[in-house]
> 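Here it is, the structure in full.
Excluded from the calculations below are hydrogen atoms, water molecules and symmetry mates; all remaining heavy atoms, backbone and side chain alike, are included. For the single chain, residues carry numbers from 1 onward in sequence order.
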Amino acid sequence: MPRAKVNLTNNYSNGDWNFMLRNVYFGSVNDPDFRGSTTPVTYGEKIITDLSLTYSFSDNLKLTAGANNLLDVYPDEVPFEGSQYGDQFIFSRRTSQFGFNGRYVFGRLTFILK
């Protein structure tokens, strides 16, 4: 786990529109038990950006489109030298600041029954 994690979320609404922008800063992490290395391996700090846009057709119906990890940021790769993973896992399986699946684009339709 990183020693520092900072989340800055901005929501803005104007009429039927809502915008959400989130930036999450993940500090660097160390993997002191990395096999084949005599010194701890450090994975660098990263910033992940999420963005969504919602339009309200009525109080009961909303449509949202957005992306998590909009800029498609990935963790640092495991250094090749000393890697014991047989090139099957390019990201650390033990030390992780955030997921390694990249960008996630979505659409959501919300219908509220009253």
Side-chain angles (χ1 to χ4, degrees):
M1 301 297 286
R3 288 173 124 337
K5 178 182 175 184
V6 179
N7 182 335
L8 176 63
T9 303
N10 298 295
N11 280 308
Y12 175 73
S13 293
N14 187 358
D16 294 331
W17 293 94
N18 181 283
F19 304 88
M20 189 280 300
L21 173 66
R22 176 185 309 120
N23 286 301
V24 181
Y25 166 82
F26 294 90
S28 61
V29 293
N30 293 325
D31 186 355
D33 298 324
F34 186 76
R35 295 182 185 135
S37 178
T38 57
T39 60
V41 172
T42 301
Y43 302 106
E45 57 194 29
K46 303 287 182 180
I47 295 176
I48 305 298
T49 301
D50 302 334
L51 178 67
S52 69
L53 171 66
T54 301
Y55 181 75
S56 298
F57 293 98
S58 68
D59 289 342
N60 298 353
L61 183 63
K62 297 179 183 182
L63 178 64
T64 302
N68 293 341
N69 194 355
L70 178 68
L71 303 176
D72 206 24
V73 176
Y74 290 86
D76 292 343
E77 294 183 7
V78 172
F80 180 72
E81 67 277 354
S83 174
Q84 299 296 318
Y85 302 127
D87 293 333
Q88 293 180 3
F89 302 101
I90 60 173
F91 304 113
S92 176
R93 297 185 305 159
R94 293 186 309 251
T95 304
S96 178
Q97 298 144 295
F98 54 91
F100 53 83
N101 291 329
R103 180 183 304 119
Y104 175 77
V105 179
F106 64 91
R108 177 175 52 234
L109 182 64
T110 304
F111 181 70
I112 302 170
L113 294 174
K114 289 186 178 182

> Less than 4.5 Å apart, side chain to side chain, heavy atoms only: is that true for K114 and D59?
yes
> Does the pair N14 and Y12 meet the rule for a side chain to side chain contact (heavy atoms under 4.5 Å, CB included), with working shown?
CA-CA 7 Å; N14 187 358; Y12 175 73; 3.6 Å; yes
> Got a donor-acceptor contact below 3.5 angstrom from the Q97 side chain to the K5 backbone?
no
> Looking only at non-hydrogen atoms, find the nearest pair between I47 and Y25 and report the distance.
CG1-CD1, 4.0 Å
> Drop me the distance from D16's CG to K62's NZ, to the nearest 0.5 angstrom.
10.0 Å
> Please check if any side-chain donor atom of S52 sits under 3.5 Å from a side-chain acceptor atom of D50, or the reverse.
no
> Nearest 0.5 angstrom please: N23 CG to L8 CG, how far?
6.5 Å
> Determine whether F98 and V24 satisfy the following criterion, side chain to side chain contact (heavy atoms under 4.5 Å, CB included), listing intermediate values before the conclusion.
CA-CA 10 Å; F98 54 91; V24 181; over 6 Å; no
> Hey, quick one: are Y104 and V73 part of the same hydrophobic cluster, counting side-chain heavy atoms closer than 4.5 Å, chains of contacts allowed?
no
> Are F57 and L53 connected into the same hydrophobic cluster when the rule is that any two of I, L, V, M, F, W, Y join if their side-chain heavy atoms are below 4.5 Å apart?
yes
> Please report the shortest heavy-atom distance between F106 and A67, naming the atom on each side.
CE2-N, 3.7 Å
> Quick check: do L109 and L61 have side-chain heavy atoms less than 4.5 Å from each other?
yes
> More than 12 non-hydrogen atoms from neighbouring residues, nucleotides or ligands closer than 6.0 Å to CZ on F100, yes or no?
no
> Does the side-chain hydrogen bond (donor to acceptor under 3.5 Å, both in side chains) test come out yes or no for N11 and T9, once each step is laid out?
CA-CA 7 Å; N11 280 308; T9 303; over 6 Å; no
> Would you say Y55 ends up clustered with F111 if hydrophobic residues are merged whenever their side chains have heavy atoms under 4.5 Å apart, either directly or through other cluster members?
yes
> With the 4.5 Å side-chain cut-off for hydrophobic clustering, are Y43 and F26 part of the same group?
no
> Is the number of heavy atoms from other residues, nucleotides or ligands under 6.0 Å of F19 CZ greater than 12?
yes
> Restricting to non-hydrogen atoms, name the atom on T42 and the atom on S28 that form the minimum distance, rounded to 0.1 Å.
CG2-CB, 4.1 Å
> Please name the residue in the list D72, N68, L71 that meets the side-chain contact (heavy atoms from CB on, under 4.5 Å) test with T49.
L71
> Give me the atom names and distance for the closest heavy-atom approach of S13 to N18.
OG-ND2, 2.7 Å
> Mind checking whether W17 and L63 sit in one hydrophobic cluster, side chains of I, L, V, M, F, W, Y counted as touching below 4.5 Å?
yes
